[in-house]
There are 2 protein chains.
Amino acid sequence: MITASVENYLKAVYYLQEESGDVSTSKLSELLKIRPASVTGMIKKMAGINLLVYQPYRTIKLTAKGRREALKILRRHRLIESFLVEIMGLPWNRVHQEAEKWEHVVSDDVVERMAQLLGNPKHDPHGAPIPNKHGAVTPSKNISLAEFPVAVDGIIAEVDDKNAELLRYLAQNGIRPGVRLRIISVEAAGGVMTITVAGKKRILSEKAAHKVYISPRVGKQP
Amino acid sequence: MITASVENYLKAVYYLQEESGDVSTSKLSELLKIRPASVTGMIKKMAGINLLVYQPYRTIKLTAKGRREALKILRRHRLIESFLVEIMGLPWNRVHQEAEKWEHVVSDDVVERMAQLLGNPKHDPHGAPIPNKHGAVTPSKNISLAEFPVAVDGIIAEVDDKNAELLRYLAQNGIRPGVRLRIISVEAAGGVMTITVAGKKRILSEKAAHKVYISPRVGKQP
DNA sequence: TCAAATGTTTAGGTAAGACTAACATATTAA
DNA sequence: TTAATATGTTAGTCTTACCTAAACATTTGA
Ligand SMILES: [Mn+2]
Ligand SMILES: [Mn+2]
Ligand SMILES: [Mn+2]
Ligand SMILES: [Mn+2]
């Protein structure tokens, strides 16, 4: 059976697969904060119900079914976040935790009703792409702000949604998807950078910069 | 801890307490479709966390805390149903099952946000009263249509929401809270009654009549 | 080639809740 | 006032769905 726990593993496997290509027990263990031995157990269970293929000591890979299920949950999660922000008016730093719970209980057709009410959005409130009904996504090839060149205009594409505190801070400073941004200077020693966002100067930590992603299309308009 | 299961027991205890005054193991067992021995076990657990008081072989009664929690879940459930109908446009025969799942995961403040969006409704889509934020409810003293006198006008106050099939049927025949109704005749032998709803003649089974409730204020306006 | 890193197996634990069968108490009807 | 019936509890198990530490196995890469 696909329990809430299995759904969370699916999301994690999918995430790592996108991120780095190969998915390992230790990476899953670290991401999910679950001991490697437990991860192996769950992986075997999931292989048993055809969600992934796996050979001991070797790779972990989602099957077609597993990928479909993973994208389904991702779709739910992101649509729910969008719904909570757009329809219910919740702040964007509150919705990730709430969606983390809702995604395991909302019925398929209610999720689709949300999509309809929202006009089938392509991105969630943090800029992450929402897979379509058939499980197709355009994986975002964004560049982390921490790796972005200095003195080049960029458009914020996405921000990490896991840390509510950081999100609150980013919102306060106008750092959100769609906004133009430029790095003025990087003080590597101090671990901070100076940027301009919508014309205003801001200081951002190295750590925060890792959670902000810039669209790959180099925005060179004035 | 108040698990989903405990929440469901709380609702059941509250329901029986309202219904008939005394709550027993066997009644809970029947209502929840759980064996008496299991019910006793859960009751003891719930007594242990102060949700109810209980003496072996004697009565089961909610404590103040238990009543508060029960009303809180009832509020959630009914607000969620209202939300699903009013804001999301789901049919009223679909929302009970969905709310049964949501009620265990939606955060307090998101529920209150729903209430706000709905304008703090007093009744859910099936006519059941919604407890207020502080746990106050006006228990409805409605009369089952099965016990309602013949040839007297009545206003439908509430319909049972558990049976999706029946709800669909009732909706199709215009039988919903707020509508005026009158029993024309009762064919007790056949187990059916003839009624008029919004001017139209309808046949209703005895069984269905038990699930429809009429407002106690005798409506005698033309 | 062999130590370190990584992954798996084994054996066991927990939490939450359900069940049957045997027993205990209460209720009711003689 | 009994005794049969109904109702409720206890004891002992079971299930599901995880998770864990420790010991063992395999891979990897210096
Ligand atoms: Mn999220
Ligand atoms: Mn989740
Ligand atoms: Mn309901
Ligand atoms: Mn429920």
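Every chain is numbered from 1 and lettered A, B, ... according to where its sequence line falls, protein lines coming before strand lines.
Nucleotide D:dC19 holds its C1' atom 15 Å from the CG atom of A:Leu28, rounded to whole Å. Distance B:Lys33 NZ to C:dG17 C1': 19 Å, rounded to the nearest Å. The distance from atom NZ of B:Lys45 to atom P of C:dA18 is 9 Å, rounded to the nearest whole Å. When the P atom of C:dG17 is taken as reference, atom CD1 of B:Ile43 falls 12 Å away, rounded to whole Å. For the pair A:Met1 CE and D:dC18 C1', the interatomic distance rounds to 12 Å; values are reported in whole Å. Atom CE of B:Met42 is separated from atom P of C:dA15 by 15 Å (rounded to the nearest Å). Atom CD of A:Glu30 is separated from atom C1' of C:dA5 by 14 Å (rounded to the nearest Å).
The side chain of B:Arg35 has C:dC19 as its nearest neighbour among D:dA17, C:dA18, C:dC19.
Each of A:Arg78, A:Gln97, A:His96 was compared with A:Asp161 under the side-chain hydrogen bond (donor to acceptor under 3.5 Å, both in side chains) criterion, and only A:His96 meets it.
Taking 4.0 angstrom as the limit, A:Tyr9 places a side-chain polar atom (N or O) nearer than this to OP1 or OP2 of D:dC19.
Remark: side-chain polar atoms of B:Lys101 are paired, donor with acceptor, to backbone N or O of A:Val105 under 3.5 angstrom. Within the 3.5 Å criterion, the main-chain N or O of B:Thr40 finds no donor-acceptor partner in the side chain of B:Thr25. B:Ser107 places no side-chain N or O within 3.5 Å of a backbone atom of B:Val110 that could act as its donor or acceptor partner. With hydrogens and angles disregarded, a donor-acceptor distance shorter than 3.5 Å links the side chain of A:Arg76 to the backbone of A:Glu103. Formation of a donor-acceptor pair under 3.5 Å by the B:His104 side chain with backbone atoms of B:Ser5 is not found in this model.
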Note to self: How would you summarise protein contacts on nucleotides 8-14 of chain D per nucleotide, using B for base, S for sugar-phosphate only and - for none, with heavy-atom distances below 4.0 Å?
What the structure shows: BBB----
